[in-house]
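Read through the structure below, which is laid out as structure tokens, and then see the notes.
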Amino acid sequence: MTTIQGYRRIPGYVLHAYGQYYRLLKKAHPITLTFSVTSRCQSNCLTCQIGERSQKGRFKQNPDLTLAEIEKIFNSLGPVYFFNVSGGEPFLRRDLPDVVDLAVRLLQPAIIHIPTNALAPEPIERHCRDILNRNRKKGLKIPLTVKPSIDGVGKLHDYIRGVPGNFLKLEETIVRLKMLEEDFPEFHLELGTVISKYNIDHLDEIEDFVHSLGVQSYRNEIAEERAEFFNKGSGIAPSAEIYERVLQRFAQEIKNHLSEKRALTRVTETLRLKYYDLAVKILKQQRQVIPCYGGISNLHLNFDGELWPCCVLGYDHPLAHLREINYDVQAALAGSEARKVLKFIHGRGCYCPLANQWYSNVLLHPPSLWRVILNYFLVDRTGKKV
Ligand code: SF4
């Protein structure tokens with residue numbers, strides 16, 4: 001599948017999401033499925049406690065889903081546009097290529113994305129190669145993006161991630177994945193920073209380092225307090241005002257280079273501009289500034305089979321536990337528990353700037369989508385709006 005063929009599927013997902021939102025349709029047909037494939041992680045991040053808990057054996061009572069269980073779940077869900085792998089550390093799962101294989105067969109994603117802590121460079125490269133080769137054997141060139149985390153340069157990175165030597169491993173991972181980009185045009189290396197109070201004063205240094213490596217794609221997202229990360233009340237996020245200043249700079253950077261980008265990249269970059277705008281408003285006004293379609297346009301499958309509307313609500317507001325209802329996603333969403341959670345979300349009982357979710361929300365909000373289209377056409381070659 002090419003990227004253009006993938007984009008053509010989006011209107012179908014959007015119409016279906018409206019149908020579900022207004023209760024005309026019951027069946028789940030999300031744009032994005034995020035799947036935390038494992039609870040295991042070797043990191044001890046200051047912004048997330050999954051690693052520490054997994055190393056202490058806190059998830060022993062909730063083992064990772066097996067391949068057979070995953071197959072049943074994917075079978076009941078059907079196609080998604082975006083298969084977003086999460087963790088723990090996804091590459092610790094030795095059968096990760098088999099998991100992705102199941103997704104390719106049963107979910108038919110147009111894009112696959114995998115983040116990593118970059119602590120195991122050789123297995124990361126090996127698994128990626130395996131995934132790409134398997135897709136090629138099926139005659140598929142599904143875009144695969146792998147995003148190592150970079151939260152600082154040198155010792156700052158090791159401090160935030162809680163593992164001495166992590167930065168050296170990150171550098172090795174980048175070298176290996178850059179070589180993979182040469183072998184597979186459908187493979188994309190992307191670096192990502194979680195902006196927290198620990199690195200807010202070092203963002204220029206990180207960005208300069210990323211550009212010095214010649215890595216084309218670099219993404220930032222704000223550190224969030226999420227049920228998923230067991231970090232609620234930790235105060236890791238910078239204030240809305242500081243975040244606004246940082247985002248204004250990122251937005252200008254995007255505008256400066258927008259006209260140089262290929263048409264499809266321009267689409268995602270203009271979408272990102274709108275997201276930045278909304279994220280600041282959400283943080284300042286502390287409410288859903290446009291409706292959130294969490295649990296409809298996006299679903300999150302946790303490692304043990306719990307189904308969430310999003311990772312922010314996670315354990316606090318699960319839709320269902322799929323191990324208890326024969327791994328049936330459609331039955332889960334028709335259940336009373338799921339209906340209660342969806343009512344809570346659609347009554348604007350929660351708010352957050354979760355990037356993946358808000359990209360979908362923009363697609364589903366005509367005035368915001370119109371702004372994206374205007375930005376696409378109105379940003380002139382100097383990056384200023386005409
Ligand atoms: S607003 Fe945030 S917390 Fe609420 S459902 Fe949407 S993504 Fe989840």
Side-chain angles (χ1 to χ4, degrees), residues 13-14 16-18 20-23 28-36 47-48 50 80-86 113 115 192 194-196 219-238 240 243 247 271-272 274-302 306-320 329 332-333 335-365 367-369:
Y13 288 101
V14 168
H16 192 100
Y18 284 138
Q20 252 187 295
Y21 191 82
Y22 293 106
R23 302 197 186 167
H29 186 48
I31 300 169
T32 297
L33 175 70
T34 299
F35 178 20
S36 300
T47 52
C48 169
I50 294 178
V80 303
Y81 176 77
F82 182 30
F83 182 56
N84 184 31
V85 176
S86 184
H113 175 76
V194 174
I195 302 172
S196 68
R219 271 210 275 171
N220 300 281
E221 59 180 303
I222 189 164
E224 279 176 89
E225 296 185 15
R226 302 180 184 172
E228 179 195 27
F229 290 163
F230 306 98
N231 64 359
K232 285 194 154 182
S234 59
I236 51 170
Y243 189 52
L247 285 194
L271 197 55
R272 194 170 297 178
K274 184 64 204 168
Y275 165 68
Y276 286 166
D277 182 37
L278 284 175
V280 170
K281 283 190 185 139
I282 292 164
L283 289 174
K284 280 188 163 172
Q285 297 177 25
Q286 307 201 344
R287 65 182 183 93
Q288 292 177 22
V289 294
I290 63 172
C292 179
Y293 286 75
I296 289 182
S297 64
N298 295 38
L299 287 171
H300 189 123
L301 175 61
N302 201 21
E306 200 163 69
L307 190 66
W308 298 341
C310 67
C311 57
V312 177
L313 297 183
Y315 297 99
D316 296 341
H317 295 271
L319 295 166
V329 176
L333 287 169
S336 58
E337 198 53 44
R339 285 207 305 273
K340 236 192 306 177
V341 174
L342 292 180
K343 203 169 162 199
F344 168 74
I345 297 167
H346 304 154
R348 308 207 180 185
C350 54
Y351 69 90
C352 79
L354 182 68
N356 274 334
Q357 181 61 58
W358 284 93
Y359 287 132
S360 300
N361 295 344
V362 168
L363 288 177
L364 286 154
H365 187 247
S368 298
L369 190 57

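Keep in mind that this is a model prediction, so the values were computed, not measured. Start at 1 and go down the list; that is how both ligands and their atoms are numbered.
Residue L299 is tested with T34, I31, V80, L33 for a side-chain contact (heavy atoms from CB on, under 4.5 Å); the sole match is L33.
Interface of Q357 with ligand 1, defined as ligand atoms under 4.0 Å from a residue heavy atom, comprises 7 (S). Applying the 4.0 Å criterion to heavy atoms of C310 picks out, from ligand 1, the atoms 3 (S), 5 (S), 7 (S), 8 (Fe). Which parts of ligand 1 touch C292 is read off a 4.0 Å heavy-atom cut-off, strictly below it: atoms 1 (S), 5 (S), 6 (Fe), 7 (S). Taking every heavy atom of I345 and a limit of under 4.0 angstrom, the matching atoms of ligand 1 come to 5 (S). Listed by number with element, the atoms of ligand 1 under 4.0 Å from a non-hydrogen atom of V312 are 3 (S).
Side-chain N/O atoms of S297 and Q20 include no donor and acceptor closer than 3.5 Å.
When G294, C352, P309, G314 are checked for heavy-atom proximity to atom 7 (S) of ligand 1, C352 turns out nearest.
W358 contributes a side-chain N or O that, together with a main-chain N or O of C352, makes up a donor-acceptor pair within less than 3.5 Å. A donor-acceptor contact shorter than 3.5 Å links the side chain of Y18 to the backbone of L364.
Y13 and Y81 have perpendicular rings, their planes meeting at more than 60° on a 0 to 90° scale where under 30° would count as parallel. Ring geometry for F344 against H317 counts as parallel: the plane angle stays under 30°, on a 0 to 90° scale with 60° as the upper cut.
With 2.8 Å as the limit, C350 does not count as an N, O or S neighbour of atom 8 (Fe) of ligand 1.
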